[in-house]
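Worksheet: the structure to be examined is printed underneath.
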Amino acid sequence: RVWGTNDTFFVSRFPLSPLLDPQTWLLETDVDTDYAHLPVRTFLLFEALGRPEWASACDWYMKADADSFLNVPLIEERLRCFDPSQHWYLGVPQVAHSTHGSMTRFASGGAGYIV
């Protein structure tokens with residue numbers, strides 16, 4: 001079974017399987033993967049990606065839901081159009097409305113986004 005390319009990584013608190021060990025980044029602060037913990041888990045992931053040992057490990061980071069199908073070669077091809085040294089958000093921002101009329105924009109997983 002193929003889980004992605006050599007440039008595809010998984011994040012987990014614990015090793016997932018010997019097959020995926022070379023592509024699994026262990027994140028000690030990871031939390032439960034249920035829907036209620038998703039915002040905290042996403043925050044912890046991006047906090048970790050800002051650490052010196054991870055910040056320069058990749059030009060791009062993509063977050064997508066676990067049940068998303070990704071055409072990694074096509075994504076890599078499209079990313080060549082962008083300069084990774086510049087700040088980019090590639091995806092669809094979501095908007096949340098409060099009862100006070102204010103709006104908050106945020107990145108939402110689903111089909112994924114790239115930073």
Side-chain angles (χ1 to χ4, degrees):
R1 184 178 256 194
V2 176
W3 287 98
T5 67
N6 290 336
D7 297 329
T8 302
F9 297 94
F10 302 90
V11 177
S12 176
R13 180 187 290 177
F14 307 105
L16 300 172
S17 80
L19 176 68
L20 296 176
D21 282 350
Q23 293 177 254
T24 302
W25 289 352
L26 299 179
L27 180 60
E28 314 80 41
T29 59
D30 201 6
V31 295
D32 196 338
T33 59
D34 66 349
Y35 189 75
H37 289 93
L38 184 57
V40 172
R41 188 168 195 252
T42 301
F43 174 80
L44 292 172
L45 171 64
F46 280 105
E47 182 181 58
L49 292 176
R51 295 178 191 163
E53 65 270 24
W54 287 14
S56 60
C58 300
D59 287 335
W60 301 99
Y61 292 99
M62 179 174 187
K63 183 194 177 298
D65 286 355
D67 59 353
S68 296
F69 173 81
L70 304 174
N71 184 336
V72 176
L74 182 60
I75 293 169
E76 289 176 335
E77 179 184 326
R78 296 288 185 218
L79 287 175
R80 287 189 204 105
C81 300
F82 299 93
D83 180 356
S85 67
Q86 296 181 354
H87 295 285
W88 291 98
Y89 170 85
L90 304 171
V92 178
Q94 301 293 313
V95 178
H97 300 274
S98 75
T99 56
H100 304 290
S102 61
M103 294 184 344
T104 302
R105 296 183 192 280
F106 64 96
S108 179
Y113 56 87
I114 299 170
V115 293

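- Applying the 6.0 Å contact sphere to CZ of F46 captures more than 12 heavy atoms from other residues, nucleotides or ligands.
- The structure places CH2 of W88 at 11.0 Å from CG of L79, a figure rounded to the nearest 0.5 Å.
- Every residue was checked against the side chain to side chain donor-acceptor pair (under 3.5 Å) condition with N71, not counting sequence neighbours, and none meets it.
- To the nearest 0.5 Å, the span separating CD on E77 from CD1 on I75 amounts to 11.5 Å.
- For R80, there are no salt bridge (Lys or Arg N to Asp or Glu O under 4.0 Å) partners, not counting sequence neighbours.
- Applying the side chain to side chain donor-acceptor pair (under 3.5 Å) rule to S85 yields the partners D83; only residues at least two apart in sequence or on another chain are considered.
- Using a distance-only test at 3.5 Å, with no hydrogens or angles considered, no donor-acceptor pair links the side chain of S68 to the main chain of A64.
- Residues T24 and F14 have side chains not in contact (no heavy-atom distance under 4.5 Å, counting atoms from C-beta outward).
- Partners of Y61 under the ring pair (Phe, Tyr, Trp, His ring centres under 6.0 Å) rule, at least two apart in sequence or in another chain, do not exist in this structure.
- The distance from atom CG of L70 to atom CE of M62, rounded to the nearest 0.5 Å, is 4.5 Å.
- Within a 6.0 Å radius of CZ in R13, more than 12 heavy atoms belonging to other residues, nucleotides or ligands are found.
- For the ring pair (Phe, Tyr, Trp, His ring centres under 6.0 Å) test, residues two or more places apart in sequence or in another chain that qualify with Y89 are Y113.
- Residues meeting the side chain to side chain contact (heavy atoms under 4.5 Å, CB included) test with P15, sequence neighbours left out: D21, L26.
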